[in-house]
S.K.: 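What follows is a structure written as structure tokens; I'll ask about it next.
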Amino acid sequence: MIKPLVCALVGPTASGKSAAALAVARALSMEIVSADSMQVYRGMDIGTAKSTQAERALVRHHMIDVADPGQKYTAARFRQEGALAIAEILARGNVPLVVGGTGLYVSALLDGLDFAQAQGGGEERERWEKYLAQNGASALHGQLRERDPKSAEKLHENDTRRVIRALEVYDITGRPIGERASFAQSFYDVRMAGLSLNREQLNLRIDERVDAMMRAGLEAEARALLQKDLQTAAQALGYKELFEVFRGDASLDEAIRHIKTRTRQYAKRQMTWFKRDVRIRWFDALDPHVEAKLMEYFAET
RNA sequence: GCCUUGGUAGCUCAGUCGGUAGAGCAGUAGACUGAAAAUCUACGUGUCGGUGGUUCAAUUCCGCCCCAAGGCA
């Protein structure tokens, strides 16, 4: 069986993924599948650096504006809907280009992480959260060690979020969290490219981009979200720092500085995530011919 | 000009009743399978403003000088 080609372009924020993807997708008859945990939300355009409507008219984009900021969007839902989008693109005879900086979401799509077997956030989760509050992280970790020693060994006891998830999966499936099968990998022929640039250059670009976002009206956009009861969208960089200003807990200058710092830290985490993926072929984001080189790489037969 | 209070890690500061010092933030590296722009882990030598003095020993006590903030003139 011939596996369909699925391309991907990854990299830290502000590395120029969107612009490069647009050029490449136009030239190669591709459709873009955004793999970004915050671009899924409507009404969060400036702060998440979404492609404009004009750009989206040139190339078909997917997985953008698919949820309300008041909703709880998750990796599992993203996997499900994203896989559907890829299937449709392939059916149309086009090549999907997965573009994004959320490592888990990229992985969910390309590696078919199978979240479906163990629904999260149910009564099991509640039970373990209560257990944590009453007995502490160490005891919680001990509970996991009794059930699933292999996962317990990999997780630090303070990483309670993951410890709880591992317990939850074990409760529901009776199996360790790491043992669930990946399947999509066998369905796609994955070709990944990454955009990289040195830290100083990246930091400079981040600073400039945050300033540009402020000029473009990020403050008003954030203020408009204030009435909504944000769930996971409340974690979005740029918004949460401005909320502090609205509440009177910080000055605007402080908030802007904070946004820049937090975005730099985020970019660093993204690089750590992607660095270990050996499938990625890295391209210099500052190379004036990156786009041509990416096209060549993705068009190889 | 005089008085007061400060000058300790990139930043904000703690501390040493004399035995060369430590937190938070920042930074660096890493982890990551239904919150992931989230969450978690590891990593702390800096003429303790300068210079003389007392002392076995001073960042710590004393003198002088420099700088900053406030007060009095």
Side-chain angles (χ1 to χ4, degrees), chain A residues 12-14 34-41 44 46-50 67 69 71-82 100-122 124-125 129 132 137 140-141 148 150-151 153-173 175-185 199-200 203 206 209-210 213 218 222 230-242 254 257-277:
Chain A
T13 8
S34 160
D36 185 299
S37 66
M38 293 300 155
Q39 289 190 1
V40 297
Y41 295 112
M44 296 171 64
I46 298 168
T48 65
K50 265 180 214 167
Q71 283 183 297
K72 217 176 250 171
Y73 202 87
T74 65
R77 189 174 150 194
F78 180 81
R79 200 209 83 73
Q80 203 171 8
E81 296 174 4
T102 304
L104 182 66
Y105 282 23
V106 172
S107 200
L109 242 38
L110 300 183
D111 306 328
L113 299 182
D114 186 10
F115 306 115
Q117 292 168 25
Q119 187 128 15
E124 291 83 7
R125 182 114 111 211
E129 266 163 8
L132 168 65
L140 184 80
H141 192 256
D148 176 2
K150 255 193 278 174
S151 300
E153 205 185 322
K154 281 198 281 185
L155 293 172
H156 192 279
E157 66 176 34
N158 287 349
D159 200 354
T160 55
R161 205 176 264 200
R162 289 202 173 76
V163 174
I164 286 179
R165 174 61 185 156
L167 282 163
E168 177 180 79
V169 168
Y170 191 85
D171 279 355
I172 297 168
T173 65
R175 308 254 28 147
I177 187 164
E179 271 189 19
R180 291 164 308 138
S182 296
F183 51 89
Q185 200 170 14
R199 196 64 67 77
E200 295 86 77
N203 288 345
I206 287 171
R209 190 154 84 156
V210 171
M213 283 175 178
L218 181 59
L230 299 185
Q231 303 290 312
T232 44
Q235 301 172 342
L237 285 170
Y239 298 90
K240 61 180 166 195
E241 291 83 1
L242 287 172
E254 281 172 332
R257 244 181 300 130
H258 203 190
I259 293 170
K260 288 175 179 172
T261 302
R262 302 272 302 142
T263 305
R264 290 166 176 221
Q265 294 172 332
Y266 170 51
K268 206 163 88 60
R269 270 178 274 132
Q270 288 178 300
M271 286 166 82
T272 301
W273 177 289
F274 291 124
K275 241 189 264 176
R276 68 175 174 171
D277 194 331

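Letters A, B, ... mirror the listed sequences (proteins, then strands); counts begin at 1.
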S.K.: Reckon A/T272 has a side-chain N or O less than 4.0 Å from the OP1 or OP2 of B/G30?
M.R.: yes
S.K.: Roughly how many Å is it from CG in A/L167 to P in B/U33, rounded to a whole number?
M.R.: 13 Å
S.K.: The side chain of A/T74 is closest to which nucleotide in this list: B/G27, B/A35, B/U39?
M.R.: B/A35
S.K.: Can you tell me which nucleotide in B/U39, B/G34, B/A29 comes closest to the side chain of A/R269?
M.R.: B/U39
S.K.: Taking the same atom, C1', in B/G71 and in B/U54, what whole-Å distance lies between them?
M.R.: 33 Å
S.K.: Rounding to a whole Å, what distance do you find between A/E153:CD and B/U41:C1'?
M.R.: 16 Å
S.K.: Does A/K154 reach a base, just sugar-phosphate, or nothing at all? Heavy atoms under 4.0 Å.
M.R.: nothing
S.K.: Is there a donor in the side chain of A/T48 and an acceptor in the side chain of A/Q39, or the other way round, less than 3.5 Å apart?
M.R.: no
S.K.: Looking only at atom P, what distance separates B/G30 and B/G6, rounded to whole Å?
M.R.: 44 Å
S.K.: How close or far is atom P of B/A38 from atom OH of A/Y266, stated in whole angstroms?
M.R.: 8 Å
S.K.: From the set B/U41, B/A38, B/G34, return the single nucleotide nearest to any side-chain atom of A/R262.
M.R.: B/A38
S.K.: Select base, sugar-phosphate, or nothing to describe what A/E157 touches, counting heavy atoms under 4.0 Å on all strands.
M.R.: nothing
S.K.: Regarding B/A26, can its base be found pairing with the side chain of A/R257 as donor and acceptor, where the two atoms are less than 3.5 Å apart?
M.R.: no
S.K.: Can you check the A/H258 NE2 to B/C11 P distance for me, whole Å?
M.R.: 19 Å
S.K.: Roughly how far, to the nearest 0.5 Å, is CG of A/D277 from CG of A/L110?
M.R.: 8.5 Å
S.K.: What's the gap between B/G27 and B/U12 when it is taken at their C1' atoms, as a whole Å value?
M.R.: 16 Å
S.K.: Distance check, rounded to the nearest 0.5 Å: A/H258 atom NE2 versus A/T263 atom OG1?
M.R.: 9.5 Å
S.K.: State which residues pass side-chain hydrogen bond (donor to acceptor under 3.5 Å, both in side chains) with A/N158; sequence neighbours excluded, sorted by chain then number.
M.R.: none
S.K.: Just N and O in the side chain of A/N158: are any of them under 4.0 Å from OP1 or OP2 of B/C40?
M.R.: no
S.K.: State the NZ-CG distance between A/K154 and A/D159, to the nearest 0.5 angstrom.
M.R.: 12.5 Å
S.K.: Considering only atom C1', compute the distance from B/C65 to B/A29 and round it to an integer number of Å.
M.R.: 45 Å
S.K.: On a whole-Å scale, what distance lies between the P atoms belonging to B/G50 and B/G44?
M.R.: 25 Å
S.K.: Check every atom of B/G27, B/C40, B/A35 against the side chain of A/T261 and return the nucleotide holding the closest atom.
M.R.: B/G27
S.K.: Would you mind classifying the nucleic acid contact of A/Q265 as base, sugar-phosphate or nothing, using non-hydrogen atoms under 4.0 angstrom?
M.R.: sugar-phosphate
S.K.: Return yes if some donor-acceptor pair links the side-chain N/O of A/H141 with the main-chain N/O of A/T160 below 3.5 Å, else return no.
M.R.: no
S.K.: Give me the distance, rounded to whole Å, that separates B/A23 from B/G46 when you measure between the C1' atoms they each carry.
M.R.: 15 Å
S.K.: Would you classify A/G238 as touching base, sugar-phosphate or nothing, given that sugar-phosphate means primed atoms plus P, OP1 and OP2, and contacts are heavy atoms under 4.0 Å?
M.R.: nothing
S.K.: In whole angstrom, what separates A/D277's CG from B/A31's C1'?
M.R.: 15 Å
S.K.: Salt bridge or not for A/E254 and A/R257, using N-O below 4.0 Å?
M.R.: no
S.K.: Which distance, rounded to the nearest 0.5 Å, do you find between the CD of A/E241 and the OG1 of A/T261?
M.R.: 9.5 Å
S.K.: With the side chain of A/Q235 defined as its heavy atoms from C-beta on, choose the nearest nucleotide among B/A35, B/G34, B/A31.
M.R.: B/A35
S.K.: Name the closest nucleotide to the A/M38 side chain, picking from B/G34, B/A36, B/U41.
M.R.: B/A36
S.K.: Side chain of A/D159: nearest nucleotide among B/A38, B/U39, B/A36?
M.R.: B/U39
S.K.: Over how many whole Å does the gap from A/I164 atom CD1 to B/C40 atom C1' extend?
M.R.: 13 Å
S.K.: Determine whether any donor atom in the side chain of A/R162 lies under 3.5 Å from an acceptor atom in the base of B/A35, or the reverse, and answer yes or no.
M.R.: no
S.K.: With heavy atoms under 4.0 Å as the rule, sort A/K275 into base, sugar-phosphate or nothing.
M.R.: sugar-phosphate
S.K.: Quantified in whole Å, what is the C1' atom distance between nucleotide B/A14 and nucleotide B/G7?
M.R.: 15 Å
S.K.: Could you give me the stems involving RNA chain B, meaning stretches of three or more consecutive Watson-Crick or G-U wobble pairs whose two defining distances are both below 3.5 Å?
M.R.: B:1-7 with B:66-72, B:10-13 with B:22-25, B:27-31 with B:39-43, B:49-53 with B:61-65
S.K.: From CD of A/Q270 over to P of B/G30, roughly how many Å is that when rounded to an integer?
M.R.: 14 Å
S.K.: Look at the side chain of A/R161 and decide which nucleotide, out of B/A38, B/G27, B/G34, has an atom nearest to it.
M.R.: B/A38
S.K.: For B/A29, does OP1 or OP2 lie under 4.0 Å from any side-chain N or O of A/R199?
M.R.: yes
S.K.: For A/Y239, which contact category applies under a 4.0 Å heavy-atom criterion: base, sugar-phosphate, or nothing?
M.R.: nothing
S.K.: Between A/H156 and A/G103, which is nearer to the 5' end of RNA chain B once each is assigned its nearest nucleotide?
M.R.: A/G103
S.K.: Is any side-chain N or O of A/Y105 closer than 4.0 Å to OP1 or OP2 of B/A36?
M.R.: yes
S.K.: So which nucleotide from B/U28, B/U41, B/A36 ends up closest to the side chain of A/K268?
M.R.: B/U28
S.K.: Quantified in whole Å, what is the P atom distance between nucleotide B/G24 and nucleotide B/U5?
M.R.: 31 Å
S.K.: Mind checking whether A/K260 and A/Q265 have side chains closer than 4.5 Å, heavy atoms only?
M.R.: no
S.K.: Given B/U28, B/G27, B/G34, identify the nucleotide with an atom nearest to the side chain of A/R125.
M.R.: B/G34
S.K.: Run the side-chain donor-acceptor check on residues 232-239 of chain A: report pairs under 3.5 Å with partners two or more places apart or on a different chain.
M.R.:
unit_1, atom_1, unit_2, atom_2, d
A/T232, OG1, A/Y41, OH, 2.4
A/T232, OG1, A/Y73, N, 3.4
A/Y239, OH, A/G47, N, 3.0
A/Y239, OH, A/E221, OE1, 2.5

